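Scroll down for the structure; my scribbles are underneath it.
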Amino acid sequence: MSFTLHGIPVSRGIAIGRAYLIAPAALDVDHYLIEPTQIEDEVERFRAAQKVVHQELDELRADLAADAPTEMGAFLDVHSMILNDAMLVQETIDLIRTRRYNVEWALTEQLERLTRHFDEVEDEYLRERKADIEQVVERVLKALAGATGSLVSIHGRCDEMIVVAHDIAPADMMQFKTQTFQGFVTDLGGRTSHTAIVARSLGIPATVGVQHASALIRQDDLIIVDGDHGIVIVDPAPIVLEEYSYRQSEKALEARKLQRLKFSPTQTVCGTRIELCANIELPEDAQSALDAGATGIGLFRTEFLFMNQKHGMPEEEEQFTAYRRAVELMNGMPVTIRTIDVGADKPLDSIGDEYETAPNPALGLRAIRWSLSEPHMFLTQLRAILRASAFGSVKILIPMLAHAREIDQTLDLIQEAKRQLDDAGLAYDPNVRVGAMIEIPAAAIALPLFLKRLDFLSIGTNDLIQYTLAIDRADNAVAHLYDPLHPAVLHLIAFTLREAKRVGVPVSICGEMAGDPSLTRLLLGMGLTEFSMHPSQLLLVKQEILRAHLKTLEKPVADVLAAFEPEEVQSALERVARA
Ligand code: PEP
Ligand code: MG
């Protein structure tokens, strides 16, 4: 039966494919008692599933790329060991034999006992193994259900698949960078949640906040994801399918046409030159930035290098290699490396528990606050970034600053990192520029503190909106209130652009607003000349810039900023679009 679900469009385009469910509800299994005569068959079912998982793990180990992190192999070895462990295997079989539980029930019951036991263990390393046991049990349950795979073991026909999940953590999204899916649908999430941002960076259609999608959509259902309108059509009628296939081919044609803009200079009709830079999460993403015609990296979100690392932070050498890789790929073009922005919806595995217990992680120890509380870690990152600056044009960007004291402490630590490199005889660019994200309203309002101390600014509209409107950017329950066009938000952006320009401090926008082509004219009219966005958005925004005339934007943009009533804002925006 065909039905339609609605959510929040986060990555444009149309995807048509089969649903691939990634269900955290995998542990929600049937519970029933078996007959005494079925006991040995049930044990045999368990053994067969165990064998399937062994094979899966062996295949994964064999498929590991030569440059895969060493932890990956170790992680698979641990899973194989758990799969043979008597605590899991023998105890599960005992439950089948003595209590006559079906195997899924026995397995989840034993998992519960083991996790209770692990929770009481003092040793942090051992406590962390709980997650490994859960993952192994999940794999066995999938094998029992006949469904193969998990986040790391998706093989085969993934190019026809649409991932459907309750939620996908940013760290898990990163794993999709190596696989080609048609699209994403999640029950949770907001427009600028980090999961949505990574989905957009993959350039494939995605709709989030589609409540109950993962419960209503079944494995292998044929689905259409309309990433422009936030619609998911399950089991579409043939005529609907035909219509969407047609729209999909139209869009592919438009995308090919856009490619022609790639080499033309980015300037408005009146000749004002605009910089279009790219946001990246991993060094290799610099290649997509170049492919899209970016003239620099405006935001390298380094925290993604720190994710999926169960055993602490990457060492200085590993970080240096990653930063240098991006710098070298960009071949002399500027690379703005933001220091780690962990916390809130981007926890690190190694410190995840601290966030879970923080009363309000978005207002807690995240980004620069965390870095300043961990000076050893911060200095390691600063040294690695500075060393990369010897290989090209690097700028250092600091997230979530609000206080003069924080800026001063950060600048002192950068000096200290330079001193340490001098002592070690390691090269770096002594004139490396340091900038701040303007993403807390206090920073925008107290802008002179920033203008006096820093070399450049970058407005992080995602957080600026979140903190100005008190709307959790990842919470779909309040997603309708997350409004980039709220007068308070627009005023903070306009003020920051105007003041920075007045004193000659370069300013860009690297939040998602910069990559939204429907806002390009407005931002140009507010004085923005440097945009940074996901490479997938770059040519769409460029197309708007090439059609814009700054002089004719002046009056309607001034009207938008003078308006407070929603209808007035809307009608002024329509004039901006027509100008
Ligand atoms: C922002 O807040 O706008 C931003 C670019 O940073 P992030 O999305 O990583 O918080
Ligand atoms: Mg931010």
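Excluded from the calculations below are hydrogen atoms, water molecules and symmetry mates; all remaining heavy atoms, backbone and side chain alike, are included. Note that the coordinates shown come from a computational prediction; the quantities given were computed from them, not determined experimentally.
Salt bridge Glu42/Arg97: absent, no basic N to carboxylate O contact under 4.0 Å. The residues Glu40 and Arg47 are annotated as not salt-bridged, no charged nitrogen and carboxylate oxygen being separated by less than 4.0 angstrom.
In His480, the NE2 atom is crowded: over 12 heavy atoms of neighbouring residues, nucleotides or ligands sit closer than 6.0 Å. For Tyr246, the OH atom is loosely surrounded, since the number of other residues' heavy atoms within 6.0 Å does not exceed 12.
Applying the side-chain hydrogen bond (donor to acceptor under 3.5 Å, both in side chains) test between Arg45 and each of Glu104, Gln50, Gln38 identifies Glu104 as the sole match. Of the listed residues (Arg139, Lys142, Lys51), just one forms a salt bridge (Lys or Arg N to Asp or Glu O under 4.0 Å) with Glu56, and that residue is Arg139. The one candidate from Arg366, Arg301, Arg369 that meets the salt bridge (Lys or Arg N to Asp or Glu O under 4.0 Å) condition with Asp341 is Arg366.
A 4.5 Å side-chain heavy-atom check between Pro205 and Asp226 finds every atom pair outside the cut-off. For the pair Gln466 and Glu439, the minimum side-chain heavy-atom distance is 4.5 Å or more. Looking at Asp187 and Asp167, their side chains never come closer than 4.5 Å, going by heavy atoms from C-beta outward. Between Glu91 and Leu95 there is no side-chain heavy-atom pair separated by less than 4.5 Å. Within the 4.5 Å cutoff, no side-chain heavy atoms of Phe300 are placed close to those of Leu397. Side-chain contact check for Leu111 versus Ile133: some heavy-atom pair is nearer than 4.5 Å.
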Could you walk me through whether Tyr482 and Arg473 pass the side chain to side chain contact (heavy atoms under 4.5 Å, CB included) test, one step at a time?
-> CA-CA 7 Å; Tyr482 186 94; Arg473 59 196 267 195; 3.7 Å; yes
Side chain to side chain donor-acceptor pair (under 3.5 Å) between Thr302 and Gln381, worked out | CA-CA 10 Å; Thr302 59; Gln381 181 174 36; 2.9 Å; yes
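Interatomic distance, Glu512 CD to Arg191 CZ, rounded to the nearest 0.5 Å: 7.0 Å.
Checked against side chain to side chain donor-acceptor pair (under 3.5 Å), Thr336 has no partners two or more places apart in sequence or in another chain. Take Tyr244 and apply the ring-ring contact (aromatic ring centres under 6.0 Å, His included) test, not counting sequence neighbours, and it matches no residue.
When atom types are taken as modelled, the side chain of Arg200 and the backbone of Val10 share a donor-acceptor pair closer than 3.5 angstrom. The backbone N or O of Ile204 lies less than 3.5 Å from a partner atom in the side chain of Ser11, making a donor-acceptor pair. At least one donor-acceptor pair closer than 3.5 Å links the side chain of Asp475 to the backbone N or O of Ala477.
Nearest heavy-atom pair across Asp472 and Ala474 is OD1-N, 2.9 Å.
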